[in-house]
Amino acid sequence: MRDLAQAAYEITPAELGVLFEGVWRERKTAAWLVAVAHRSEFRELIGQLLLASEGPYAGAAYCVALAKVRHRSGCRTAQRIP
């Protein structure tokens, strides 16, 4: 678990951006890294990905990431999910 936390804090925003451009596995990984490190700068992007619902596998990780960055916009985003 310590390795995950270390990776979450060491990964650069550019590297996370590359992961978010990938398929669901990469996006899910990126969302978990954001959640662990509380990287609030990705809050808007994660909200957009959650609402776009382009795949069935990363949505839960998006929700966890939004919850971990603890911002009201994450709650509003979750309320807009059909």
Side-chain angles (χ1 to χ4, degrees):
M1 194 65 150
R2 186 174 26 215
D3 292 338
L4 173 63
Q6 183 176 352
Y9 285 99
E10 290 179 355
I11 192 167
T12 67
E15 291 168 329
L16 280 169
V18 169
L19 288 175
F20 276 120
E21 291 173 1
V23 295
W24 70 269
R25 284 181 181 92
E26 289 87 355
R27 290 178 180 186
K28 185 174 183 176
T29 300
W32 276 104
L33 291 170
V34 165
V36 169
H38 306 278
R39 306 281 291 266
S40 62
E41 68 264 33
F42 289 94
R43 181 179 53 238
E44 185 175 329
L45 173 61
I46 293 170
Q48 291 170 356
L49 290 170
L50 179 62
L51 290 175
S53 190
E54 294 176 1
Y57 302 109
Y62 298 156
C63 290
V64 169
L66 289 173
K68 291 296 283 182
V69 296
R70 295 186 180 125
H71 194 272
R72 289 186 182 127
S73 68
C75 294
R76 288 191 297 272
T77 298
Q79 290 172 341
R80 293 191 313 221
I81 298 171

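For the single chain, residues carry numbers from 1 onward in sequence order. If you're wondering where the values come from, they're calculated on a predicted model, not measured in any experiment.
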To the nearest 0.5 Å, what is the distance between CD1 (Ile11) and CG (Leu19)? 5.0 Å
More than 12 heavy atoms of other groups within 6.0 Å of Glu44 CD: no
Hydrophobic cluster membership, Tyr62 vs Leu45, 4.5 Å side-chain cutoff: yes
In terms of heavy-atom contacts, Glu26 and Val23 come closest through OE1-CG2, 2.8 Å
Side-chain donor/acceptor of Arg43 to backbone N/O of Leu66, under 3.5 Å: no
Between Leu16 and Trp32, is there a shared hydrophobic cluster once you connect ILVMFWY residues whose side-chain heavy atoms come closer than 4.5 Å? no
Looking at Lys68 and His38, what are the two nearest heavy atoms and their distance? O-ND1, 3.0 Å
Can you find a heavy atom in the side chain of Val34 that is under 4.5 Å from one in the side chain of Phe20? yes
Main-chain N/O of Val18 paired to Glu21 side chain as donor or acceptor, under 3.5 Å: no
Hey, does Ile46 have a side-chain heavy atom less than 4.5 Å from the side chain of Val69? no
At their closest point, which heavy atom of Ala65 faces which heavy atom of Ala31, and how far apart are they? CB-O, 3.4 Å
Main-chain N/O of Ala61 paired with Arg27 side-chain donor or acceptor, under 3.5 Å: no
Would you mind reporting whether Tyr9 and Arg39 have side-chain heavy atoms less than 4.5 Å apart? no
Scanning both residues in full, the closest heavy-atom pair of Ala8 with Ala37 reads O-CB, 3.4 Å
